[in-house]
Trainee: 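Please read through the structure below; I'll follow up with questions.
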Protein chains: 2
Amino acid sequence: MRPISDDMRTSMRGAAAVFAERGFDGTTMEALREVTGVPTSTLYYYFEGKEQVLTFLLEDWLDRTAAAAAEAIATERTAKERLGDLVAAQLTAMANDPATCQVLLAELGRIDRLPHIAEAVQSAFHRPVAKLLADGAADRHLRSVDVDVATSVLYGAVIISGLHHIIDARDEVPAFDATEVAASVMDLVLHGLESEE
Amino acid sequence: MRPISDDMRTSMRGAAAVFAERGFDGTTMEALREVTGVPTSTLYYYFEGKEQVLTFLLEDWLDRTAAAAAEAIATERTAKERLGDLVAAQLTAMANDPATCQVLLAELGRIDRLPHIAEAVQSAFHRPVAKLLADGAADRHLRSVDVDVATSVLYGAVIISGLHHIIDARDEVPAFDATEVAASVMDLVLHGLESEE
DNA sequence: CTGTAACTTGTAATATGTTTCCAATACCGA
DNA sequence: TCGGTATTGGAAACATATTACAAGTTACAG
């Protein structure tokens with residue numbers, strides 16, 4: 001893949017929507033040409049094929065999300081509070097780019113064959129959570145739990161809740177109120193389901 | 001789609017593994033013929049196309065999972081206990097058929113265009129959970145929470161935890177110890193992350 | 001200004017794979 | 001046996017990804 005200029009990056013914006021709507025195989029290069037305005041030949045000049053167009057979009061979004069996540073947790077607040085901020089940041093990224101996010105989900109099943117994407121998911125979702133869980137155990141605001149289980153649970157909770165709202169919202173952007181959803185999810189994840197009686 | 005005989009159902013078993021390994025578009029009808037032993041013409045006689053082969057596999061698995069879920073919650077135990085049983089049943093279904101499960105995840109993003117599948121997911125995952133949450137609020141063993149949020153969170157937690165283990169396990173069947181994973185997930189979901197100090 | 005290399009795009013060819021069609025054969029109930 | 005349905009092989013139609021290539025355009029170093 002050749003280096004992508006900012007112009008090209010902007011042109012490719014709309015491509016995610018096509019993948020989201022029609023699925024990978026339902027998306028023709030012709031459709032990408034139509035929506036981006038970039039001629040097919042040019043697409044092949046920059047990308048090695050259709051799949052690379054897709055992975056470019058995913059990595060681009062994941063990188064931005066990872067940056068937002070890193071920023072969200074780099075404060076002086078308690079680990080518990082920062083965990084809420086992190087979830088809110090992740091959901092905000094989802095709400096603001098529902099199409100890409102939907103496509104990412106569609107690739108989750110074969111993520112083991114897309115090492116770059118798997119790594120980017122780690123950076124944007126798992127690693128920040130793992131860090132906060134460790135911090136939280138240290139500052140005593142969070143229970144000490146199995147980090148692997150907890151990151152999976154939290155990742156699943158965030159991504160599926162977000163996807164649920166995205167599908168409900170059809171094509172609106174932002175697809176949902178990230179702060180509100182984050183608050184609901186965090187309430188559940190922090191306090192659990194069990195009655196305190 | 002013509003009615004599928006039990007013989008044919010059995011023949012199609014292996015197909016999910018191909019979809020899981022190569023992805024939908026990477027899977028050729030030729031590969032399906034090879035792995036199932038069913039000639040291409042016959043596949044087209046029964047299914048309207050490649051996509052319908054896939055949705056058949058998903059519905060078949062989801063129907064079985066829904067039945068297992070229904071059975072798991074039809075006991076005299078408390079709602080809290082039955083919730084654990086339900087999660088264990090769902091994870092067992094996943095562990096026993098990792099390929100199909102992986103493919104299901106891969107279709108989650110476009111589930112809004114597969115109404116049958118969406119409905120089957122509701123039956124196998126969301127509705128049983130929703131019922132138990134209501135029961136649990138009634139019998140006071142569970143907190144009264146927003147059902148929509150909680151079902152999404154729980155669904156995400158289960159499916160992503162399961163997928164995580166499936167990917168780790170590569171091709172082993174069962175892919176992981178469902179009882180053990182269910183216990184970890186339930187601990188987290190019931191008690192939450194917050195420290196009780 | 002000019003030459004060179006990189007960028008961009010249209011057109012045409014090729015390769016792969018899905019899907020349709022149809023005729024031949026096997027199977028099965030009345 | 002007869003009539004219909006199920007099953008299958010083979011060929012052909014069709015769509016699309018991908019490659020090849022030539023020609024136009026731009027950026028920029030010298």
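Convention: sequence-line order gives letters A, B, ...; per-chain numbering from 1.
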Trainee: Any salt bridge between A:Arg127 and A:Glu119, counting N to O under 4.0 Å?
Mentor: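 Yes, this pair counts.
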Trainee: Reading DNA chain D from 5' onward, which residue's closest nucleotide shows up sooner: B:Arg2 or B:Arg33?
Mentor: B:Arg2
Trainee: Specify the separation, in whole Å, of atom CG of B:Asp7 and atom P of C:dC28.
Mentor: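 Value for this atom pair: 11 Å.
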Trainee: Name every residue in residues 38-45 of chain A that has at least one heavy atom under 4.0 Å from any atom of DNA chain C, in order of residue number, or write none if there are no such residues.
Mentor: A:Pro39, A:Ser41, A:Thr42, A:Tyr45
Trainee: Specify the separation, in whole Å, of atom CG of A:Leu32 and atom P of D:dT18.
Mentor: 11 Å
Trainee: Output a table of donor-acceptor pairs, distance under 3.5 Å, between side-chain atoms of residues 73-80 of chain B and any protein atom two or more places apart or on a different chain; print 'none' if there are none.
Mentor:
from	atom 1	to	atom 2	distance (Å)
B:Thr75	OG1	B:Arg77	N	3.4
B:Arg77	NH1	B:Asp85	OD1	2.8
B:Arg77	NH1	B:Asp85	OD2	2.7
B:Thr78	OG1	B:Glu81	N	3.2
B:Thr78	OG1	B:Glu81	OE1	3.3
B:Lys80	NZ	A:Glu194	OE2	2.3

Trainee: Please report the distance, rounded to the nearest Å, between CE in A:Met8 and C1' in C:dA6.
Mentor: 13 Å
Trainee: Counting only heavy atoms not in A:Asp139 (residues, nucleotides, ligands), do more than 12 fall under 6.0 Å from its CG?
Mentor: yes
Trainee: Around atom CG of A:Asp168, are there more than 12 heavy atoms from other residues, nucleotides or ligands closer than 6.0 Å?
Mentor: yes
Trainee: When you check the gap from the basic side-chain N to the acidic O, do A:Arg82 and A:Asp135 get nearer than 4.0 Å?
Mentor: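 Answer for the salt bridge query: yes.
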Trainee: Output a table of donor-acceptor pairs, distance under 3.5 Å, between side-chain atoms of residues 6-23 of chain B and any protein atom two or more places apart or on a different chain; print 'none' if there are none.
Mentor:
from	atom 1	to	atom 2	distance (Å)
B:Arg9	NH1	B:Asp60	OD1	2.7
B:Thr10	OG1	B:Asp6	O	2.7
B:Ser11	OG	B:Asp7	O	3.1

Trainee: Any residue in residues 16-30 of chain B with a heavy atom nearer than 4.0 angstrom to DNA chain C? Just list them by number, or reply none.
Mentor: B:Thr27, B:Thr28, B:Met29
Trainee: Counting only non-hydrogen atoms, which of residues 48-56 of chain A are less than 4.0 Å from DNA chain D?
Mentor: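 Under 4.0 Å from DNA chain D: A:Gly49, A:Lys50.
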Trainee: Extract all donor-acceptor atom pairs below 3.5 Å that involve side chains of residues 93-109 of chain A and protein atoms in other chains or at least two apart in sequence.
Mentor:
from	atom 1	to	atom 2	distance (Å)
A:Asn96	ND2	A:Thr92	O	3.3
A:Asp97	OD1	A:Thr100	OG1	3.0
A:Asp97	OD2	A:Thr100	OG1	3.2
A:Gln102	NE2	B:Gly109	O	2.8
A:Glu107	OE1	A:Arg110	NE	3.2
A:Glu107	OE2	A:Arg110	NH2	3.4

Trainee: Check each of B:Val147, B:Val149, B:Leu154 against B:Thr151 using the side chain to side chain contact (heavy atoms under 4.5 Å, CB included) test, and report the only one that passes.
Mentor: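 With B:Thr151 as partner, B:Val147, B:Val149, B:Leu154 yield a single side chain to side chain contact (heavy atoms under 4.5 Å, CB included), made by B:Val147.
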Trainee: Tell me if the CD atom of B:Glu71 is crowded by more than 12 foreign heavy atoms within 6.0 Å.
Mentor: no
Trainee: Out of the candidates A:Leu43, A:Thr42, A:Thr36, only one should pair with A:Pro39 under the side chain to side chain contact (heavy atoms under 4.5 Å, CB included) rule; please name it.
Mentor: A:Thr42
